[in-house]
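Hydrogens, waters and symmetry mates are skipped; everything else that's a heavy atom, side chains included, is used.
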Amino acid sequence: MSSLSTRARGALSRAADNPGLERLTRAGFIGYGILHLLFAWVVARIASGGPTADGDQSGAMQEIADEPFGLALIAAIVVGLVAMAAWQVLEMLRDRRPAERMASAGRAAFYLYLAVSGVKVLRGKKSSSADTQQNTAEGLLASSGGRVTVVAAGLVLAGIGGWLAFVGLTRRFEKHLRAGEMAAGTRRLVRRLGAAGFVAKGLAYGIAGALFVIAGWRYDPDKARGLDAALRTLAGEAYGTGLLLVIALGFAAYGVFALTEARYRKV
């Protein structure tokens, strides 16, 4: 049995270290960074009160779908996201640490979720994650026990936001980087970009989670629209424009950080 387990781990390691998968994964980080830069633009548009698609990643892809080479770019992003998900699944299977396995599983699920959103855009569908989340919440709130489920989902989402902010503030993301290959100035820049990006993402997801909790508590599915609801709720506050611009800058910082991961991430 131990021999079989050893062979299985060896096969997983060889698959995870496949040069082709590594190249696709690194290309995926470029697409992931571009997606965050597009999302930062969407947030800035919401802050300025201009017309825009949904304030989430699917909305960011919708923004470029009609542009020249937009569909080709989305297709490339989808391929990269699938490669990143496959890499994380392999990492999950070969890592023995429960916390790291859970983190890899969560990242793989998120990358696949974004990839599916991209495929819907490529197929000409108006992919709206916000509408899907709202409709799901509305169905749950109309069912027995659904209120608890929506509140629990909000608490989980708020917890993810808190964790992202913690990662940014403590710079835990640095353990995944090949920092020894960076020049001193590059290392400082990447550290600042990562910290700002993770904190901004944590803030946005934390607010989205809080709104999910409110949706379940008040039976109000309009609040259960994820990032879109969070951003548009902020836009209606007196201090919202400034905070949204800060969040936009933070997501842009994360986008640039993801671009550097294409070179320096441990894959």
Side-chain angles (χ1 to χ4, degrees), residues 6 8-40 57 76-77 79-112 114-115 160-205 246-247 249-267:
T6 299
R9 286 198 299 271
L12 288 171
S13 295
R14 288 191 296 275
D17 296 334
N18 181 278
L21 179 59
E22 179 180 348
R23 284 192 288 271
L24 281 175
T25 299
R26 294 196 182 281
F29 276 111
I30 295 175
Y32 195 52
I34 292 172
L35 187 57
H36 278 80
L37 291 172
L38 291 170
F39 181 64
Q57 290 87 352
I77 290 174
V79 172
L81 288 169
V82 172
M84 292 170 72
W87 161 57
Q88 284 300 303
V89 168
L90 292 171
E91 289 292 302
M92 176 189 69
L93 292 175
R94 73 174 181 172
D95 202 317
R96 295 183 176 182
R97 296 167 294 178
E100 290 298 326
R101 296 183 71 172
M102 288 180 61
S104 293
R107 284 191 287 264
F110 185 63
Y111 295 150
L112 284 176
L114 293 179
I160 292 172
W163 173 253
L164 288 171
F166 174 75
V167 169
L169 292 171
T170 60
R171 297 172 180 171
R172 289 174 64 92
F173 56 84
E174 290 186 272
K175 69 179 182 179
H176 297 298
L177 302 175
R178 299 186 302 202
E181 298 180 10
M182 301 179 190
T186 301
R187 188 162 54 249
R188 286 193 297 270
L189 176 61
V190 170
R191 184 183 296 129
R192 291 168 183 168
L193 289 170
F198 273 99
V199 170
K201 290 183 69 171
L203 176 61
Y205 281 103
V246 169
I247 291 175
L249 289 173
F251 271 87
Y254 187 90
V256 179
F257 171 76
L259 294 177
T260 67
E261 285 189 288
R263 169 66 176 83
Y264 295 111
R265 175 77 184 219
K266 295 175 182 177
V267 176

Considering non-hydrogen atoms only, spot the tightest contact between [X] and [Y] and give its length.
X      : Y      : answer
Ala165 : Val199 : O-CG2, 3.9 Å
Gly250 : Ala200 : CA-CB, 3.4 Å
Gly197 : Ala253 : N-CB, 4.3 Å
Phe251 : Ala204 : CE1-CB, 3.9 Å
Arg187 : Ala179 : NH1-O, 3.4 Å
Ala252 : Ala40  : N-CB, 3.6 Å

Could you tell me whether the side chain of [Y] reaches within less than 4.5 Å of the side chain of [X], counting heavy atoms only?
X      : Y      : value
Leu21  : Leu90  : yes
Leu177 : Lys266 : no
Lys201 : His36  : yes
Val190 : Phe257 : yes
Leu37  : Leu259 : yes
Tyr264 : His176 : no
Phe39  : Tyr254 : no

Is it the case that the side chain of Arg94 and the backbone of Val89 share a donor-acceptor pair, with hydrogens and angles ignored and the cut-off at 3.5 Å? no
For the atom pair [atom1] ([X]) and [atom2] ([Y]), what is the distance rounded to the nearest 0.5 Å?
X      : Y      : atom1 : atom2 : result
Met84  : Glu261 : CE    : CD    : 7.0 Å
Thr260 : Ile30  : OG1   : CD1   : 11.0 Å
Arg26  : Glu22  : CZ    : CD    : 4.5 Å
Phe29  : Ile34  : CZ    : CD1   : 14.0 Å
Ile77  : Leu114 : CD1   : CG    : 10.0 Å
Arg188 : Leu193 : CZ    : CG    : 13.0 Å

So Phe110 and Tyr205, would you call those rings parallel, tilted or perpendicular, with 30° and 60° as cut-offs?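 Phe110 vs Tyr205 ring planes: perpendicular.
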Stepwise side chain to side chain contact (heavy atoms under 4.5 Å, CB included) check, Tyr111 with Val82: CA-CA 7 Å; Tyr111 295 150; Val82 172; over 6 Å; no
Would you call Glu181 and Arg263 a salt bridge, using N to O less than 4.0 angstrom? yes
Before we go on, tell me: are the rings of Phe198 and Phe166 under 6.0 Å apart, centre to centre?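 When the ring centroids of Phe198 and Phe166 are compared, they turn out to be at least 6.0 Å apart.
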Per the salt bridge (charged side-chain N to carboxylate O under 4.0 Å, His left out) rule, what does the pair list look like for residues 99-109, sequence neighbours excluded?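 For residues 99-109, and leaving out neighbouring residues, the salt bridge (charged side-chain N to carboxylate O under 4.0 Å, His left out) pairs sorted by first residue read Glu100-Lys175.
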